[in-house]
Every structure is written in structure tokens, then in C-alpha cells.
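For reference, the structure is listed below as C-alpha cells.
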Protein chains: 2
Amino acid sequence: MNIRHLTFRLLQVYVAVVRAGSISEAASRLHLTQPTVSQQLKRLAETLGEPLLESRQGRLVPTEAGAELYRASREVLGRFDDFDDYLAALRGGERGRFSIALVNTAQYVLPRLLGPYSQAFPEVEVTVHIGNRRQMLTRFERQEDDLYVFSHPPSLAHALAGRFLRNPLVAVAPRGHPLAGRERIAMGELLEERWLLREPGSATRMLFESWLQEQGLTLGPTLQMASNEAIRVGVASGMGLAVLSEHVLPPQHPELVILPVEGLPIESHWQFIVRRDRRLSHAALGFLGFGAQRLEECVETRFLSNELPGLLLRLEEVQAAPSGLGSDP
Amino acid sequence: MNIRHLTFRLLQVYVAVVRAGSISEAASRLHLTQPTVSQQLKRLAETLGEPLLESRQGRLVPTEAGAELYRASREVLGRFDDFDDYLAALRGGERGRFSIALVNTAQYVLPRLLGPYSQAFPEVEVTVHIGNRRQMLTRFERQEDDLYVFSHPPSLAHALAGRFLRNPLVAVAPRGHPLAGRERIAMGELLEERWLLREPGSATRMLFESWLQEQGLTLGPTLQMASNEAIRVGVASGMGLAVLSEHVLPPQHPELVILPVEGLPIESHWQFIVRRDRRLSHAALGFLGFGAQRLEECVETRFLSNELPGLLLRLEEVQAAPSGLGSDP
DNA sequence: ATGCACTATAGATAACTATCTATGCATGCT
DNA sequence: AGCATGCATAGATAGTTATCTATAGTGCAT
């Protein structure tokens with residue numbers, strides 16, 4: 001038999017006939033004329049090289065071969081119905097997978113959004129990659145992920161961005177610091193202190209350094225630690241001062257104080273970055289949609305800055321019809 | 001998605017592409033040109049409304065939807081390969097089912113053929129119906145079975161016949177019968193004996209009675225029993241005489257003797273009868289073929305009379321191409 | 001025997017499919 | 001920069017399919 005020209009439609013028609021036990025009846029159920037169904041059947045039987053139905057007491061009954069074809073057809077059609085459901089779930093963003101790459105500092109906050117999302121969409125597999133800004137940039141260049149979180153986005157030539165959270169950088173000092181009570185402090189007064197800095201390649205450090213440059217200031221003694229946590233604990237235990245994202249501080253932080261330095265906090269925003277040239281998975285889109293709607297419930301109001309609806313709109317323009325392949329940059 | 005125009009061919013092509021990881025490679029494996037495959041893919045993706053493949057480092061890799069389609073396709077194609085095997089087995093007569101209707105007396109002999117056949121083709125389901133000639137005729141009229149075994153076939157207008165076994169009817173008497181030693185006996189001498197007869201509608205009785213009529217004889221006292229076995233035992237225990245198929249007698253029958261009556265044995269043959277208007281199942285054909293080849297090994301040589309090869313030839317002429325339906329008389 | 005219900009066949013047509021060759025475009029290696 | 005490789009698009013064509021209307025044949029029930 002030549003399977004090539006077998007269509008699913010043909011199987012549907014065949015199944016309908018077996019169920020109806022009559023060609024005419026099947027035809028009317030399928031909204032076709034009787035000769036159409038007769039012919040389809042004939043062609044099917046010829047394709048398979050076996051008669052499929054016999055008339056028995058006025059009712060059409062499958063032959064041995066026909067019965068097996070009926071079984072096969074039902075399985076096959078059922079399998080494709082399942083596939084259809086799967087597709088629907090994919091499209092609805094209820095299922096699938098996406099990966100998201102986070103700049104280190106954002107890991108303190110993103111779970112607030114990811115957690116509720118995963119609860120709502122347990123069938124979606126999310127992969128989270130975390131590293132410093134430089135590492136994330138590499139991933140971005142290589143297009144390894146669906147979504148990226150940066151505070152300062154890289155070139156937006158191939159990407160779209162949407163802010164979703166304020167990320168203020170503040171100066172912190174240990175609780176007993178001499179200037180802790182002051183209403184206003186000039187940065188100049190602090191240059192002789194020892195400063196704890198993140199490693200080069202970190203976004204926090206980059207922001208702090210370019211701020212210093214703007215102010216025309218240069219730090220005195222510094223000490224480098226590759227982790228926000230380590231720095232926070234270091235400051236608390238008197239090793240020095242630091243500029244950190246407010247999100248790094250626990251809600252209660254009795255052993256630390258925020259210094260009211262003039263020009264601080266450095267205002268920045270975390271944003272979701274999406275490559276324009278990579279098709280976004282439905283699941284990732286679903287996640288952004290979830291954020292657009294539910295961000296308010298997930299993060300503290302004072303940090304809120306939800307540009308996600310706008311991002312989604314722009315995405316819709318970019319992501320259009322399906323083609324055989326997703327394009328490759 | 002519209003499943004209607006989905007062909008198995010399309011799925012085969014898709015599977016080939018996923019396996020090859022490249023359109024060009026798949027095309028060459030399929031002996032198609034690359035644009036052909038490109039287009040098929042495009043159409044497939046459009047039918048399903050989702051992109052199926054992405055280019056990743058020069059290799060085509062399925063998307064989420066594509067991966068699921070690949071799974072579904074393989075299952076579905078596999079299912080139809082199985083179906084194909086099933087068909088092949090059906091065609092080869094290795095599998096399937098048929099039913100055969102036997103005149104009572106034939107049940108002593110047909111198992112000799114059916115037994116070895118079933119051993120050789122254990123996947124074929126055989127149904128055997130047994131009854132007297134009249135009952136079998138009814139089944140024949142109603143076309144309830146694939147094969148029939150008669151000694152005298154009904155009208156052959158709608159049927160083909162092929163002899164396969166001699167069925168001589170002999171007169172039997174109890175061992176001590178006064179005429180048992182004689183070399184030749186005239187039927188006339190036995191008319192006053194009591195005769196045990198099968199019921200009306202039995203073939204054995206019919207043959208005996210028409211033979212008597214030819215001879216211009218009439219029986220004296222008779223006694224009717226609806227079973228060959230009962231009659232054989234009845235004769236052995238002195239209830240009377242009988243005319244029975246030689247096949248009814250066990251190989252050794254010390255308590256019975258065959259009387260050398262003039263004009264006996266009545267010669268008849270069992271034959272397979274096949275309706276011309278009913279498609280014969282491959283399995284039934286296989287059974288006849290088995291008989292044509294192996295009958296010699298299954299029955300005693302003195303009963304042999306194998307016309308089955310001829311019957312098969314005539315059948316081949318009648319049974320032709322497959323049509324959507326088997327025809328209905 | 002007459003009619004009803006069902007199936008098969010014929011003939012027509014618009015749409016679609018499979019397949020090709022030729023060509024253009026992007027990517028990545030050297 | 002240039003070439004090789006691989007994919008996409010365009011245009012052509014023969015063949016196939018889906019579907020219809022009209023009509024003929026068949027078997028069952030009255």
C-alpha cells in the first residue's frame with residue numbers, strides 16, 4: 001500500500017462511515033453528499049489494496065482489514081487531537097519552557113514575580129541563569145535565553161526593553177557610623193573611608209563608578225568582593241562602606257544604616273530585555289503578560305514601575321506569522 | 001489548525017528533516033530537491049499554525065511544538081507501519097479468520113486437515129459449524145460461512161466446488177451376522193432386516209434412499225437415529241444393519257463387519273463449496289491452498305481425491321480487484 | 001411486482017499538491 | 001573579502017483531490 005497520499009481527512013471520513021454503518025448516513029453527518037463519501041471510501045480501499053467494508057443485512061460492517069484500519073485510524077486521529085491540545089496549551093502559554101538570565105542583584109527580587117507565576121502555570125519549565133552583568137551580556141550576544149534582566153540594557157538595536165522595577169542604589173554604613181545621624185552628607189566627606197566594591201563587570205559597580213566620575217570624585221582605599229551578600233555582611237561588621245541596591249538589604253537591618261549622601265540614591269531600573277530577532281516562546285510571552293497584570297501584587301509599591309504592557313504591545317508588532325523556520329540572526 | 005489536508009507524506013518528510021537536522025540533507029535522503037522539502041515544511045508549519053524548526057548553530061532543531069509534532073508523527077507513522085504488517089499477514093493468509101460449515105459425517109475427517117493447518121497458522125481463527133445436510137443448506141443460502149463441505153453440492157449456480165476426499169458408504173452389520181462370511185450379497189436378501197437410518201435431511205440417508213430407489217427396492221422395518229455414532233453403536237449391539245460412511249468406522253472395529261452388498265459402496269465425494277458471490281477471506285484461501293498442497297500427508301491414501309488445485313485456479317479468476325465494498329448478493 | 005432506500009458510476013470543475021529549475025539571500029569559514 | 005553552504009522564494013506544470021449534480025443499479029419490504 002502506498003501511504004503517501006493518505007490524508008487525515010480520509011481517515012475521518014472512514015471512521016464516520018464505520019460509526020454510521022452507512023455511507024448515506026455518514027455523508028449527511030459530515031455535511032457531504034453520498035457520492036463524495038462513496039468515492040473517498042473507494043479511493044481509500046484502493047490505496048490500501050483491500051476491501052474495507054461489507055454489506056451485512058443492510059448495514060455496512062468492516063472487514064477484517066477494515067476493523068484494523070478503524071482501530072489504527074482512531075488511535076492516529078486521537079493522537080493528533082492530543083497534539084492539538086498540546087499546541088493550544090503552548091499557545092496559551094500554559095505549557096512550554098523559557099529561560100531567563102538575571103543580573104546578580106535582581107535575584108533578590110525576581111522570585112517575587114516568578115514564584116506566583118510558577119504557581120499559576122505549573123506546566124511551564126523556567127530556567128534561570130544568574131551571573132554578573134558581563135556574563136549576562138555574553139549570554140545575550142549568544143542569544144542563549146528568551147528573556148534577560150538588566151538595569152542598564154545593552155544596545156537596543158536588536159532588542160526591546162521594558163522597565164518593571166525601580167532599583168535605587170544607596171550608600172550603607174554600619175549602625176554606629178559617626179555620620180549616621182546627619183541629615184545630609186557630601187560624598188567628599190566619605191572618600192577617605194574604605195569602600196567595599198563588587199568586582200569589575202558588575203552592574204552595581206559600573207553604576208557607582210560612573211556616578212563618581214560625574215561628580216569628579218575618586219575613591220580612596222577599596223576592597224573588592226564578588227557578592228552582594230558578602231559586602232552587606234562586611235559593612236555590618238565594620239569593614240567599610242558600600243553602595244548597594246536597596247533590594248539587597250533585608251526588610252529589617254538593625255546593624256546597617258543608609259547614609260543620606262547628596263546625589264544618592266543612584267536611580268536605575270531593572271528591565272526585561274527581549275531580542276527582536278529571536279522568536280519569543282509563548283510561555284515567555286505568557287510570563288511577561290503575567291507580570292504586566294500582576295506585578296503590583298508581587299512587589300512593594302515604592303519600587304513599582306511597570307512598563308510591561310507597553311513592551312508587550314511592541315512585541316506583538318514584531319512577532320508575526322509563523323514560518324517554517326524561526327529566522328536566525 | 002486544520003488537520004484535513006495533513007498527509008502522511010508530509011509527516012514523513014518532517015521526520016526526515018528532524019532526523020537529518022538539515023533541509024538539504026533530508027531532501028537528498030528522500031531523493032527530492034531542497035526547495036521541495038522547504039515548501040513542504042512551510043506548508044506543514046502553516047497548517048499547524050506554529051513554527052516547527054529553528055536554526056541553532058547551523059543545525060535545524062525542533063521548537064517546542066516541533067518536538068511534540070515529531071513525537072506524534074513517529075507514533076502515527078509507526079502505527080501505520082504496524083497496520084501495514086497486519087495487512088501483509090492478512091494477505092498472506094497468516095492471520096485473519098474464516099468459518100467453515102460441515103455436514104455431520106465430515107466431522108470425522110476434516111480435523112485431519114484442520115489440525116495441521118491450525119498448527120501452521122496459529123493466528124488464524126477458524127470457526128466450524130456442524131449439522132446435517134439440510135441445516136448446512138440453510139447456512140449456505142444465507143451465506144453465513146466462507147467454506148462449506150458437502151458430499152452432494154447444492155446448485156452450483158452461485159458456487160464453485162472442489163472434491164477433496166472419497167466418501168464411500170458401506171453396509172455394516174454386527175460381527176456375528178449370518179451373512180457376514182459371504183463373498184457377495186444381494187440387497188434383496190437384507191430387506192427384511194431392521195435398518196437403522198439417519199434422520200431425514202441427512203446426506204447419508206438421502207444417498208442411501210436414492211440408491212435404493214435406483215435399485216427399485218423398499219426397506220422393511222426401520223429405526224431412525226440422528227447420529228452416526230449412535231447408529232454405529234446400535235449396529236454393533238445387534239439392533240440392526242446400516243449404511244454408513246466408511247469414515248464413521250474406527251480404524252479397528254472388531255464388533256462390526258462390512259457386508260459386500262452388490263452395488264455398494266455408494267461412491268460419493270466430499271467437496272469444498274465456495275460461494276462465487278462472497279469474497280473469500282485470505283485466510284480461507286490460505287486454508288484451501290494448504291489443503292491443495294498437504295492433503296496427501298493428512299489423510300489415508302485410499303480416500304484421496306484432491307481437486308483443490310483446480311478449485312483454486314477457478315477461484316482466482318472469480319475473485320478479482322478490491323473495491324470499497326464487497327458486493328452484496 | 002412496485003417502490004423505497006441505499007450505493008455505485010459518470011462527468012464536471014475548481015482547488016490544491018508535488019515536484020521541478022532558477023535564483024536570491026544569509027551565515028560562517030578561511 | 002570571498003566563497004561555500006544552506007535556506008527561501010518565484011514561477012511553471014502535470015497530476016490529484018474534493019466536491020458537486022445527475023443517473024443508474026440493487027436488494028428488501030410490502
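All figures in this text were calculated on a predicted structure; none of them were measured in a lab. Residue numbers begin at 1 in each chain, while the letters A, B, ... track the order of the sequences.
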* Asked: With a 4.5 Å limit on heavy-atom distance, are the side chains of Leu52(A) and Leu69(A) in contact?
  -> yes
* Asked: Going by atom types alone, do Gln34(A) and Ser38(A) pair a side-chain donor with an acceptor below 3.5 Å?
  -> yes
Any protein N or O atoms within reach of nucleotides 20-25 of chain D? Criterion: under 3.5 Å, listing atom names and distances.
from    : atom 1 : to       : atom 2 : distance (Å)
dC20(D) : OP2    : Thr33(A) : N      : 3.0
dC20(D) : OP2    : Thr33(A) : OG1    : 2.9
dC20(D) : OP2    : Thr36(A) : OG1    : 2.7

* To do: Compare side-chain N and O positions of Ser22(A) against OP1 and OP2 of dT7(C) and report whether any pair is under 4.0 Å apart.
  => yes
* Asked: Taking atom C1' of dC7(D) as reference, at what distance in whole Å does atom CD of Glu54(B) sit?
  -> 15 Å
* Asked: dT17(D) C1' sits how many Å from Gln12(A) CD, rounded?
  -> 15 Å
* So does Arg74(B) have more than 12 non-hydrogen atoms from other groups sitting under 6.0 Å from CZ? -> no
* Residues that Arg97(A) engages under salt bridge (charged side-chain N to carboxylate O under 4.0 Å, His left out), provided they are two or more places apart -> Glu125(A), Glu64(B)
* Gly21(A) vs His5(A), nearer the 5' end of DNA chain C by closest nucleotide -> Gly21(A)
* Structure fact -> Assert: residue with more 5' nearest nucleotide on DNA chain D, out of Ser38(B) and Arg9(A), is Ser38(B)
Only pairs under 3.5 Å count here: list side-chain donor-acceptor contacts from residues 7-19 of chain B, not counting sequence neighbours, and write none if there are none.
from     : atom 1 : to       : atom 2 : distance (Å)
Thr7(B)  : OG1    : Leu10(B) : N      : 3.2
Tyr14(B) : OH     : Gly66(B) : O      : 2.8
Arg19(B) : NE     : Tyr70(B) : OH     : 3.2

* Has Arg95(B) got its NZ or CZ under 6.0 Å from the middle of the six-membered ring of Tyr86(B), at an angle within 45 degrees of the ring axis? -> no
* Asked: What is the distance from CD1 of Ile23(A) to C1' of dT26(D), rounded to the nearest Å?
  -> 14 Å
* For Leu53(A) and dC6(C), what is the distance between atoms CG and C1' respectively, to the nearest whole Å? -> 14 Å
* Partner residues of Phe287(A) under the ring-ring contact (aromatic ring centres under 6.0 Å, His included) criterion, sequence neighbours left out -> Phe98(A), Tyr117(A), Phe272(A)
* Rounded to the nearest Å, what distance is computed from the CZ atom of residue Phe8(A) to the C1' atom of nucleotide dT17(C)? -> 17 Å
* **dC7(D) phosphate, OP1 or OP2, under 4.0 Å from Ser24(B) side-chain N/O** => yes
* Could you list the residues that satisfy side chain to side chain donor-acceptor pair (under 3.5 Å) with Asp145(A), not counting sequence neighbours? => Ser99(A), Arg139(A)
* Check whether any side-chain nitrogen or oxygen of Gln40(A) sits under 4.0 Å from OP1 or OP2 of dA18(D), and answer yes or no. => yes
* Quick one: Glu46(A) CD to dT9(C) C1', roughly how many Å, whole number? -> 13 Å
* Asked: Would you find more than 12 non-hydrogen atoms of other residues, nucleotides or ligands less than 6.0 Å from Arg134(A) atom CZ?
  -> no
* **Leu41(B) CG - dA8(D) C1' separation (whole Å)** => 11 Å
So which protein N/O to nucleotides 3-5 of chain C N/O distances come out below 3.5 Å?
none

* To do: Provide, to the nearest angstrom, the distance between the CG atom belonging to Leu6(B) and the P atom belonging to dC16(C).
  => 16 Å
* OP1 or OP2 of dT9(D) less than 4.0 angstrom from a side-chain nitrogen or oxygen of Lys42(B), does that happen here? -> yes
